Amino acid sequence: MKAKKTSSKTKSIVLLVIVFVLTVALGVIGVTGMNLDARGLYKLKSWLPTTNADNWPSSLSLGLDLRGGVYVEYSAARPENSDADFDSLMEGTISVIQNRLTDKGYSEATVQRIGTDGIRVEIPDTDDPKAVLDLIGTPAKLEFKDADGNLIMDGSMVQTAVGGYDSDQADYVISFKLTSEGATVFAQATAANIGKTISIYLDDELLMSPTVQSAITGGQGVINGMGSLERAQTMAAQIQSGALPLVLTQQKVDTVSATLGSDALSTTVTAAIIGILLVMVVMIVRYRLNGVIASWALCVYIILLFFLLAVIPGIQLTLPGLAGIVLGIGMAVDANVVIFERFNEELRAGRPLRAAVRAGFKNAMSAVLDANVTTLIAAIVLMFYGTGSIQGFAKTLLLGVVTSMFTAVVVTRFLMKNIVNLGMKNTGLFAKVKQVEKEEQK
């Protein structure tokens with residue numbers, strides 16, 4: 001029995017040392033970065049985060065309010081004499097704007113719909129609003145060309161384009177309708193190109209090259225072979241946006257200084273660090289050795305969270321996003337407080353340390369899960385129904401809550417279990433227990 005206890009104690013020491021080394025190593029790597037040298041070995045880079053772009057802080061995708069740039073808000077209106085689906089036009093317009101910005105080198109620009117008829121465009125790392133406005137304001141250029149590259153007609157001759165499923169052909173198709181002038185031009189072109197392709201270009205980029213099966217008269221036709229409803233609707237939206245771009249009215253345009261964003265980031269991070277250190281001190285004073293465990297778990301939480309923020313695409317760190325991170329830290333600490341209080345209750349009830357750990361976690365789980373699940377629901381609602389910075393807050397909060405649940409349920413439990421396995425018998429290291437209860441435990 002004694003040999004078994006010694007083996008268990010040795011195992012716990014080894015596991016705790018491994019986790020401690022990994023925590024320190026990952027924390028250092030997160031700040032300093034890592035790269036492969038000429039010999040193929042990993043080595044730490046400079047301790048100065050500003051001198052390399054491979055550490056986690058530098059690899060985080062920063063939002064406009066932290067990075068600086070230009071943002072524009074538009075309201076969209078349906079063109080006159082148009083019966084096209086507004087949502088399809090909206091999707092096509094957003095797609096065209098995004099593609100244009102990407103083609104012009106603004107690869108990190110974001111275009112999103114706000115409300116029912118609003119569009120918000122954010123372009124980081126630029127201070128020239130005029131160039132951006134000129135780029136966005138250019139009408140989409142839709143062209144139909146024959147197999148020899150000759151222009152047949154442009155997008156002004158297309159009235160509508162709708163993606164859907166054709167039960168007769170058992171295929172996903174695009175149904176389109178042309179103007180009277182377009183119907184005449186297209187009838188002549190298709191009659192002359194039966195068996196050949198007619199290519200459709202949007203802003204000089206090839207959308208598709210369907211083969212003409214027969215002459216298309218009457219101003220209506222179908223493009224089959226789309227493969228999926230999503231592709232059919234996307235292509236239809238792009239075709240329609242070129243023909244009938246939404247009328248965009250500029251509502252707001254502003255330039256955010258990179259200096260202001262940097263100052264805001266620096267101030268927020270400093271405040272967060274001070275807050276985290278104060279929380280650690282309070283936890284250690286209040287919960288003693290368990291407070292040390294909570295501080296350790298909190299470090300693991302911060303490392304995991306920022307690693308996930310760096311590797312998961314589509315998440316930009318904004319000032320509201322930083323608020324979501326800080327709130328997530330609060331949730332992580334709150335979960336530990338609930339666990340430690342239940343653990344202390346078990347100790348005061350006379351349970352030994354190992355049994356107190358098991359019972360404490362068991363009794364705390366329902367409260368921890370309830371608190372986190374309600375926050376998760378709120379974050380998901382904000383993410384799907386919020387706009388702009390609200391979505392940034394919701395995404396980081398969602399990720400923070402999930403990570404905090406993992407660290408509370410898995411990391412804190414692992415640390416407490418292995419520290420108790422070291423053979424400690426002095427319950428005063430964990431909590432204040434009355435002397436009479438100590439005697440009962442003996």
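Values in this document were obtained by computation on a predicted structure and should not be read as measured data. When a residue number appears, it is its place in the shown sequence, counting from 1.
Ile329 is not listed as a side-chain neighbour of Val279, based on a closest heavy-atom distance of 4.5 Å or more. Side chains of Phe176 and Ile223 form a contact here, defined as non-hydrogen atoms less than 4.5 Å apart. The closest side-chain heavy-atom distance from Val162 to Ile174 is not below 4.5 Å.
Here Ser366 contributes atom OG and Arg342 contributes atom CZ; the two are 7.5 Å apart, rounded to the nearest 0.5 Å. Rounding to the nearest 0.5 Å gives a distance of 10.5 Å between CG of Leu399 and CG of Leu376.
Taking Tyr172 as the reference, Tyr165 meet the ring-ring contact (aromatic ring centres under 6.0 Å, His included) condition, with sequence neighbours excluded.
Ionic pairing of Asp87 and Arg113 is present here: one or more N-O contacts between side-chain nitrogen and carboxylate oxygen are shorter than 4.0 angstrom.
Ser75 and Asp117 share no donor-acceptor pair across their side chains, judged by distance under 3.5 Å alone. A donor atom on one side chain and an acceptor atom on the other are found under 3.5 Å apart for Glu346 and Asn363. No hydrogens or angles considered: a donor-acceptor pair under 3.5 Å links the side chains of Ser199 and Ser209.
Of all heavy-atom pairs between Gly227 and Asp171, the closest is N-OD1, 4.2 Å. Between Met90 and Ala76, the shortest heavy-atom distance links the atoms SD-CB, 4.0 Å. What you find for Ala335 and Ala408 is that their closest heavy atoms are CB-CB, 3.7 Å.
For Arg120 and Tyr71, the positive end sits near the middle of the six-membered ring, less than 6.0 Å away and at most 45° from its axis.
For the pair Thr412 (side chain) and Thr407 (backbone), a donor-acceptor distance under 3.5 Å is present.
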Under 3.5 Å donor-acceptor pairs involving side-chain atoms of residues 16-25, not counting sequence neighbours:
unit_1, atom_1, unit_2, atom_2, d
Thr23, OG1, Val19, O, 2.7
Thr23, OG1, Trp296, NE1, 3.2

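Other residues, nucleotides and ligands place no more than 12 heavy atoms under 6.0 Å from the NZ atom of Lys417.
Taking the six-membered ring for Trp and the full ring otherwise, Tyr301 and Phe306 have centroids separated by 6.0 Å or more.
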